[in-house]
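Heads up: the structure comes next, in structure tokens.
Worth knowing before you read on, the calculation uses all heavy atoms, side chains too, and leaves out hydrogens, waters and symmetry mates.
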Amino acid sequence: DDDGDFEALLRRHEDQGVQEREEKRRKLEGPYPYRANPDGTIGNGNLTVALDQLPSPVITLVFEYLPRCRDILHLACMSKYLLSYVERRSDLVIRAAVHENAMAKIAPKKKGRGEDGTINNDDGQQQQQQQSSGSIGWSGTKKADGSRKIVTQIAEDVRSRALRVPGPLRLLRLLCAQSCERGDGCWGYNAERETAGTRLGVDGAARPFGMALCHQCSNDACRTVPRWWNHWGRTEEKILKVGGTKLFHPSAAADLTEGPDGERIGPFLDARQVMQLTSSYRNDGVDVQKEAFGKLCEEVYGKEGDERYEEYEKAASEFVQHFDGADESLQLFYAKQNEGKEDNRKAIIDRKMETLVQIIPILEEAVEDLPDNLKALALDYHWQDDTHLPLRFSLPLVHQKLVAFIRAPSYATQKRVDDAVAGIRDRLNTFASHQEFTSFSFLLAPAAEQGGSESDCRLKNRLKQKLLNHIQQKDLTNLATLLNKHDDPIRYYYHPEDNFTPAFYDLLSRRSYKAALLNLLSQRHELSIVAATLVMDGDALEAGDPIDHRNLTNTIYYKIKAEEQYNVATSSFGDFVDVLKLYKTQYTKLSRAARDYLQQPAVIEYLAGAPQWGGGFTRQRAIGQVWMPKNRVLRGRYHHWGGDGNVPEGLDGLKPYQLLLDRNFAKLLEVHKYYHRCGTADGVH
């Protein structure tokens with residue numbers, strides 16, 4: 001009958017399977033059946049050896065020699081037998097991810113074709129011209145360190161015990177994922193083509209919470225914590241955060257907490273647990289909150305000594321150990337590859353020094369007859385272990401004239417060097433011919449000799465004394481301070497010249513020394529400091545004073561500058577004195593208004609209220625935002641970030657700086673509340 005025939009068919013099929021498995025086992029356990037031919041090949045030319053029929057150690061070596069994680073995934077997915085070589089080998093996947101395209105970092109960057117006809121791309125990797133036969137690619141990729149970034153991020157999350165340890169297959173899928181793992185549940189899913197609409201990146205941010213999520217699904221799977229969240233919670237390593245403030249949302253991402261193999265994935269602590277703890281102990285001390293957090297961790301991870309706790313600790317420690325071992329071997333490889341580079345680097349420096357030492361005598365000869373102090377500054381230089389700039393001069397006006405030769409000594413022809421040295425000599429002659437300016441003796445002359453009212457003379461004398469004190473407070477001679485002498489190499493980047501503008505040289509030639517000094521301090525962003533110390537002179541600053549007087553004076557200075565009431569490039573010393581009078585008047589009004597504002601009952605009640613910001617940005621600290629130096633005004637909706645994004649209707653277009661000056665404290669309190677609620681760095685202008 002039909003049932004008997006079917007059972008006989010099943011028995012024959014089962015017997016055949018037993019014979020095939022026995023034959024495969026016999027081949028694997030028995031002696032290696034293939035002998036090498038004299039030419040190195042195995043067996044006869046018609047013999048093909050199946051990969052799964054090779055001995056187990058050979059198959060393991062095949063996996064370990066594969067250069068990319070994607071190659072391991074493709075080979076493992078060919079059969080369950082090959083998959084078994086990967087599903088218990090986290091070290092294999094981690095090492096492959098860390099070492100993937102390791103040569104891309106040290107390969108020479110060349111373009112064109114090599115001797116073997118291969119194409120060199122921008123990353124210096126030889127890209128093989130492969131046919132579409134599905135062969136394994138051994139060339140570098142465009143983003144060579146993508147897998148290394150991903151596994152590094154996952155390893156750091158596991159190291160901090162914030163993430164469940166992914167299995168080998170799970171980790172392999174994360175490394176090789178090209179689209180969102182939500183599939184047709186992805187927010188960017190293309191229903192017409194039935195494909196994922198968003199491709200993933202290769203950096204660590206593309207695997208939030210240890211998951212392969214696109215940007216839209218990542219936003220859907222997280223919850224932004226409020227800004228009053230505790231500062232210690234923001235830095236707690238066991239709380240996995242994306243972007244610093246986003247936690248995993250268990251309700252919105254319930255479909256992501258379990259992998260296709262049934263394993264639990266993702267972070268241990270989610271937004272609901274953290275928010276419940278924060279809301280329950282918001283008004284308690286930090287010690288109480290941390291104690292409650294410790295109890296929460298015991299519930300989630302298990303107590304120390306429990307089987308669940310010990311099992312996770314063992315898996316996490318092994319994962320981190322495998323990563324550290326792979327990373328250490330990679331760094332040793334790089335160190336070995338770079339052994340010869342150190343000798344090459346020193347050879348480059350030596351070749352540059354051979355040329356640069358010939359420029360020093362030319363410069364010494366050019367400045368021989370200058371005053372001793374000026375000559376010493378011009379010849380102040382030092383050698384350094386840097387292939388880019390092996391020689392540095394302390395004076396920017398000297399360094400900038402010779403920097404082209406320092407970077408490329410081959411550019412240093414005799415004519416170019418002579419022209420550069422002549423330019424240096426001309427600059428130094430300018431300062432040598434104005435001894436009164438370089439010695440700052442013009443600041444010692446009493447202002448009464450120049451005429452003017454008695455109050456103006458007192459103010460001018462005070463200003464000159466403040467300028468002199470500001471210059472002398474630095475640990476340099478007056479001339480060195482004037483010429484901006486420094487040994488900090490970073491300053492050369494931010495101060496490429498020496499802050500000497502054409503307007504400065506014009507004022508110097510007309511012997512307007514005081515105006516030239518103001519111009520120079522303004523270019524160095526130090527004039528506001530001098531003006532602030534002069535305006536605040538005589539004011540007793542009590543301990544614990546809530547008013548930031550330096551910030552307040554800077555606000556006034558930038559307001560005056562923004563309104564173009566004073567142009568440091570064209571105005572005289574007397575004009576600046578007139579501005580200081582306005583400066584002093586505004587400061588007196590604003591400081592008194594600020595004190596009165598803080599004594600208002602409504603303000604006192606608001607400052608004592610809760611909740612407060614985490615991280616130290618309290619309502620009390622937000623007072624400083626009231627007099628931040630800004631040039632903008634409050635504008636319409638969505639102009640300022642943070643909070644609800646809307647400027648209240650009654651504040652739209654106002655100038656809070658003017659509100660403080662007009663003593664409109666009611667409106668100013670509304671602005672204060674708005675900025676604290678938004679948490680924005682924009683101050684009240």
* Roughly how far apart are Leu428 CG and Leu397 CG, rounded to 0.5 Å? -> 5.5 Å

* To do: Report the residues that fulfil ring-ring contact (aromatic ring centres under 6.0 Å, His included) with Phe431, sequence neighbours left out, ordered by chain and then residue number.
  => Phe500

* Shortest non-hydrogen contact from Leu370 to Ala432? -> CD2-CB, 4.4 Å

* Partner residues of Thr387 under the side chain to side chain contact (heavy atoms under 4.5 Å, CB included) criterion, sequence neighbours left out -> Arg345, Ile348, Ile349

* Take atom CD of Glu436 as the centre, draw a 6.0 Å sphere, and report whether it contains more than 12 heavy atoms from other residues, nucleotides or ligands. => yes

* Asked: To the nearest 0.5 Å, how far apart are CD1 in Ile360 and OH in Tyr381?
  -> 4.5 Å

* Rounded to the nearest 0.5 Å, how far apart are CD of Glu368 and CD of Glu364? -> 8.0 Å

* Determine, step by step, whether Lys464 and Leu468 satisfy the side chain to side chain contact (heavy atoms under 4.5 Å, CB included) criterion, reporting the C-alpha distance in whole Å, the side-chain angles of both residues, the deciding distance to 0.1 Å, and the verdict. => CA-CA 6 Å; Lys464 290 194 292 184; Leu468 189 60; over 6 Å; no

* Taking only residues two or more places apart in sequence, or in another chain, which ones meet Phe405 in a ring-ring contact (aromatic ring centres under 6.0 Å, His included)? -> Tyr411

* Asked: Distance-only, no hydrogens or angles: does the Asn429 side chain make a donor-acceptor pair with backbone N or O of Arg425 under 3.5 Å?
  -> yes

* Asked: salt bridge (charged side-chain N to carboxylate O under 4.0 Å, His left out) with Asp350: which residues, sequence neighbours excluded?
  -> none

* Find the distance between CZ (Phe437) and CZ (Arg511) and round it off to the nearest 0.5 Å. => 12.0 Å

* Check whether more than 12 heavy atoms from other residues, nucleotides or ligands sit under 6.0 Å from atom NZ of Lys375, and answer yes or no. => yes

* To do: For residues 404-423, pull every pair meeting salt bridge (charged side-chain N to carboxylate O under 4.0 Å, His left out), keeping only residues two or more places apart or in separate chains.
  => Lys415-Asp419

* Asked: Distance-only, no hydrogens or angles: does the Ser522 side chain make a donor-acceptor pair with backbone N or O of Leu518 under 3.5 Å?
  -> no

* To do: Answer yes or no: are there more than 12 heavy-atom neighbours, outside Asp372 itself, under 6.0 Å from its atom CG?
  => no

* **Under the side chain to side chain contact (heavy atoms under 4.5 Å, CB included) test, residues paired with Lys401 that sit two or more places apart** => Ile424

* Asked: Could you go step by step and tell me if Asn469 and Gln465 meet the side chain to side chain donor-acceptor pair (under 3.5 Å) rule?
  -> CA-CA 6 Å; Asn469 293 341; Gln465 185 61 44; 2.9 Å; yes

* To do: With rounding to the nearest 0.5 Å, note down the distance linking CD1 in Ile150 to CZ in Arg207.
  => 3.5 Å

* Basic-acidic side-chain contact under 4.0 Å: Arg351, Glu354 -> no

* Give a yes or no answer on whether the side chain of Glu100 reaches the backbone of Arg148 with a donor-acceptor pair at less than 3.5 Å. => no

* Do other residues, nucleotides or ligands put more than 12 heavy atoms under 6.0 Å from the NZ atom of Lys581? -> yes

* Ala378 to Leu363 - nearest heavy-atom pair and separation -> O-CD2, 4.0 Å

* Gln435 atom CD: more than 12 heavy-atom contacts under 6.0 Å -> yes

* Taking all atoms of both residues into account, what is the closest heavy-atom pair of Leu330 and Val98, and its distance? -> CD2-O, 3.6 Å

* **Interatomic spacing from CD1 in Ile406 to OG1 in Thr355 - rounded to 0.5 Å** => 12.0 Å

* Parallel, tilted or perpendicular: which describes the rings of Tyr513 and His434, with under 30° parallel and over 60° perpendicular? -> perpendicular

